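Report on one structure; see the data block that follows.
The chains referred to below are lettered A, B, ... by the order of the sequence lines, with proteins before strands, and numbering in each begins at 1. Since we're looking at a predicted model, the values are computed, not measured.
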Amino acid sequence: MKISVQKEPFDLGAEANAFAAGDTSNGAIVTFTGVVRDLVQGDLDMMEIEHYPGMTEKALTKIANEAQERWSLGDVLVIHRHGRLAPGDQIMMVATAAPHRKDAFEAAEYLMDYLKSRAPFWKKEITGESADWVAAKDEDEDALTRW
Amino acid sequence: MKISVQKEPFDLGAEANAFAAGDTSNGAIVTFTGVVRDLVQGDLDMMEIEHYPGMTEKALTKIANEAQERWSLGDVLVIHRHGRLAPGDQIMMVATAAPHRKDAFEAAEYLMDYLKSRAPFWKKEITGESADWVAAKDEDEDALTRW
Amino acid sequence: MDILYFAWVRERIGLPKEKVETSAETVSQLVDELRAREERYEVAFSDLSALRVALDQELSDFDASLAGVREVAFFPPMTGG
Amino acid sequence: MDILYFAWVRERIGLPKEKVETSAETVSQLVDELRAREERYEVAFSDLSALRVALDQELSDFDASLAGVREVAFFPPMTGG
């Protein structure tokens with residue numbers, strides 16, 4: 001299991017290849033990558049991501065452990081950036097490996113749902129005129145009831 | 001949209017990076033990669049994949065078009081290999097981009113479910129002693145009822 | 001009309017493709033003609049529930065009409081992914 | 001006891017971290033003490049349903065006991081991913 005909370009960019013392709021390398025017992029690999037989207041009006045300058053050092057790593061490790069208890073999985077990867085990001089920058093990724101595709105997909109969705117609402121990250125959208133904290137969405141909290 | 005049916009290996013990382021490059025309107029990218037699993041008894045020499053040239057590309061394009069009609073998606077990628085593969089080789093991948101993660105996940109699962117049972121590929125497992133066509137699983141056919 | 005066979009259907013019949021002159025109006029009638037030919041066809045088509053058919057590269061079914069069809073393919077359920 | 005603030009809670013209170021001497025037995029009692037201090041605390045804690053609390057880096061709730069706790073953090077609902 002690799003959990004990384006980092007300021008630096010990561011290379012999706014290199015991470016995906018490293019994650020997949022040399023595993024002949026898991027037939028299914030799922031990755032999810034989150035990208036900073038521009039605002040509807042197209043004026044996002046920066047996305048700033050604050051986190052709670054110490055707690056963040058613990059929370060992500062706990063979520064990944066829960067996924068591994070719940071599904072028959074091979075390896076699990078979680079990378080999440082903090083600091084200032086521009087539109088188009090990759091914020092985070094998760095990857096799951098499993099013998100069967102259903103497990104790999106479900107575990108990746110589970111990781112994402114919990115990471116959204118239970119890992120201590122907060123996003124702020126900075127435009128030329130304003131800097132607004134992104135509000136948590138009810139649908140993200142509701143997504144947890146599925147599990 | 002990129003649909004490729006090919007004998008050659010593909011580079012998951014390079015494909016994922018190319019797929020993700022330069023898109024600032026889709027916040028969610030999902031990839032699924034299928035890998036040749038060894039048999040339980042560990043004696044798989046080769047997996048041979050036969051396909052129906054001409055129909056294969058049409059069937060994959062149709063499935064990808066249906067996914068794009070059904071969900072709010074950005075780009076879609078489908079790569080599927082044929083010929084002889086060894087345990088650990090990557091057989092195929094799909095990738096989906098969407099503004100929201102739910103759409104990206106669902107579309108990727110839809111692509112996989114249809115690709116499994118509606119695209120003309122057939123797998124044969126070759127060991128030292130035998131060469132057996134992989135039987136279609138009821139659960140793969142049942143998976144389509146979800147959509 | 002071109003008839004194509006894939007996977008174990010191809011192996012049982014012993015060839016990947018053949019040209020057939022037929023007056024069959026449906027896939028079922030074509031299958032009956034083929035089964036009457038030789039043992040290897042009879043064996044390959046003995047359980048239609050284990051077979052799929054494509055007409056001009058589109059999945060179809062055994063009741064379908066062959067009117068205007070140029071290419072018929074028989075194969076087992078698909079196992080891609 | 002260390003108290004940490006994140007996101008808009010940090011901005012409203014005007015600092016990321018402070019040391020507090022308290023005899024509060026629960027998170028709620030601690031919040032009441034903080035609110036009584038100054039307007040900026042009163043504003044930050046005016047709607048507890050918009051806040052989350054972690055005790056020693058584990059999510060908890062406002063009824064929880066502070067016995068043995070060394071680090072309390074207040075923040076809005078999380079928006080990672």
(request) Check each atom of A:Lys116 against the heavy atoms of chain B and say whether the ones under 4.5 Å are side chain, backbone, both or neither. (result) side chain
(message) I'd like to verify something: which residue of B:Met93, B:Gln90, B:His100 has the highest number of heavy-atom pairs under 4.5 Å with chain A?
(response) B:His100
(message) Going by side chain to side chain contact (heavy atoms under 4.5 Å, CB included), B:Glu109 matches just one of A:Glu109, A:Arg101, A:Glu106. Which one?
(response) A:Glu109
(request) Assess whether atom CD of A:Gln41 is packed by more than 12 heavy atoms of other residues, nucleotides or ligands within 6.0 Å. (result) yes
(request) Nearest 0.5 Å please: distance from the OG1 atom of A:Thr96 over to the CZ atom of B:Phe32. (result) 9.0 Å
(request) Tell me, out of B:Ala21, B:Pro87, B:Pro99, B:Ala20, who's got the most heavy-atom pairs with chain A below 4.5 Å. (result) B:Pro99
(request) Please determine, among B:Val36, B:Asp113, B:Leu39, B:Val94, the option with the most heavy-atom pairs under 4.5 Å with chain A. (result) B:Asp113
(request) Would you check, one step at a time, whether the test side-chain contact (heavy atoms from CB on, under 4.5 Å) holds for B:Asp11 with A:Asn17? (result) CA-CA 8 Å; B:Asp11 183 325; A:Asn17 277 346; 2.8 Å; yes
(message) When you measure from the side chain of B:Asp38 to the backbone of A:Thr24, do you find a donor-acceptor pair of N or O atoms at a distance under 3.5 Å?
(response) no
(request) Determine the sole option in A:Ile29, A:Thr33, A:Leu12, A:Thr31 for which the side chain to side chain contact (heavy atoms under 4.5 Å, CB included) test with B:Thr31 is passed. (result) A:Thr31
(request) Under 4.5 Å heavy-atom distance to chain A, tell me which part of B:Ala97 shows up: side chain, backbone, both or neither. (result) neither
(message) Let's test your reading of the structure: which of B:Gly27, B:Ala16, B:Gly88 forms the most heavy-atom pairs below 4.5 Å with chain A?
(response) B:Gly27
